[in-house]
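This report concerns only the one structure given below.
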Amino acid sequence: MKKTTIVAAVLIAGTAVTAFAHSGATGIVKERMDAMLAMGKAVKTVAPMMRGETAYDAETVRDAARLFQQHAGESMTNLFPEGTGGMPSEAKDEVWTDWDRFAALASQLEEYSEGLERAADNGLGGMGGNTSMGGTSMMGGGSMMGGSTMMGGGDMMDAAAIAEMPADAAFAMTTQVCSACHERFRAEED
């Protein structure tokens, strides 16, 4: 639960910062900020269920997963055309200088959220915030996002494998993709 709580807290805090930053955004920058805000709100809705703080509702989890899918993959990369960095955008230049990695994370979010949608009926497994990937930290460049297992080795799990997991494990993996992307490609507020 600790890692899931940390991931959710990071995403929720990011949502609040993003809402404030929207004040000067227009055009495609505002569109992508709105997409990120919507996904952050979905995480904020689902995270308490995953921690057992509110009643589990599979339909709410499916709705969140569908929202993630709507804003992931090509839909996400299309919101980041060259030349749309700089204030008020929170996107780092690395989005464009490391485009392949950014696009891979956008695709991974789409794949994992498809698995999450299908895993919603599996209920909670009480995973306690660990993952099926050995319980290693996923946000700090560990096995999942750091390049050794998931991103660099070509061993990314597919939606079918994630669909077999308890919903809390699938949710943790999905939100860890968000965290990995934010860590690498989103500018921190001063």
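Between atom CD of residue E74 and atom OG1 of residue T77 there is a gap of 5.5 Å, rounded to the nearest 0.5 Å. Atoms CG and SG, on L109 and C181 in that order, are 8.0 Å from each other to the nearest 0.5 Å. If you take CE on M173 and CD on E111, they are separated by 10.5 Å, rounding to the nearest 0.5 Å. Rounded to the nearest 0.5 angstrom, Q108 CD and S113 OG are separated by 10.5 Å. Interatomic distance, CH2 of W99 versus CD of E82, reported as 8.0 Å (0.5 Å rounding). With rounding to the nearest 0.5 Å, the separation of CD in Q176 from CG in L105 is 12.5 Å.
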Q) Please walk me through it: do F185 and R101 pass side-chain contact (heavy atoms from CB on, under 4.5 Å)? A) CA-CA 10 Å; F185 297 110; R101 185 170 180 190; 4.1 Å; yes

Q.
Using the rule given for side-chain contact (heavy atoms from CB on, under 4.5 Å), can you reason through E110 versus Q70, listing the C-alpha separation, both sets of side-chain angles and the distance that settles it, and then say yes or no?
A. CA-CA 8 Å; E110 185 173 41; Q70 176 186 345; over 6 Å; no

Q. Between E114 and Q69, is a side-chain hydrogen bond (donor to acceptor under 3.5 Å, both in side chains) present by the stated rule, with each step listed?
A. CA-CA 7 Å; E114 287 173 19; Q69 290 169 53; 5.9 Å; no

Q | Working for side-chain contact (heavy atoms from CB on, under 4.5 Å), residues T97 and E94 | A | CA-CA 5 Å; T97 61; E94 285 85 348; 4.1 Å; yes

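By the 4.5 Å heavy-atom criterion applied to side chains, I28 and F80 are not counted as neighbours. Side chains of S89 and V29 form a contact here, defined as non-hydrogen atoms less than 4.5 Å apart.
The two residues A167 and A119 make their nearest non-hydrogen contact at CB-O, 3.7 Å. Minimum heavy-atom separation, L79 to A35: CD1-CB, 4.2 Å. When all heavy atoms of A163 and R118 are compared, the closest pair comes out as CB-CB, 3.5 Å. Residues W96 and A91 share a closest heavy-atom pair of CH2-CB, 3.8 Å. The two residues M50 and F171 make their nearest non-hydrogen contact at CG-CD2, 3.4 Å. Summarising the geometry of I162 relative to A170, their closest heavy-atom pair is CG2-CB, 3.5 Å, with the distance given to 0.1 Å.
Cation-pi contact between R184 and F102: absent, since separation from the ring centre below 6.0 Å together with deviation from the ring axis within 45° is not met.
Using a cut-off of 4.0 Å between Lys/Arg side-chain N and Asp/Glu carboxylate O, E59 and R66 are scored as salt-bridged. A salt bridge links R186 with E90; the closest basic N to acidic carboxylate O contact falls under 4.0 Å. Between R51 and D168, none of the side-chain N atoms (NZ, or NE/NH1/NH2) sits under 4.0 Å from a carboxylate O, so this pair counts as no salt bridge.
Only one option out of V46, T174, T175 pairs with L116 in a side chain to side chain contact (heavy atoms under 4.5 Å, CB included); it is T174. Considering V61, T60, D57, D63 in turn, T60 is the only one that fulfils the side chain to side chain contact (heavy atoms under 4.5 Å, CB included) rule with T45.
Residue L67 is not grouped with residue M76 when hydrophobic side chains (ILVMFWY) are merged at heavy-atom distances under 4.5 angstrom, including chains of intermediate members.
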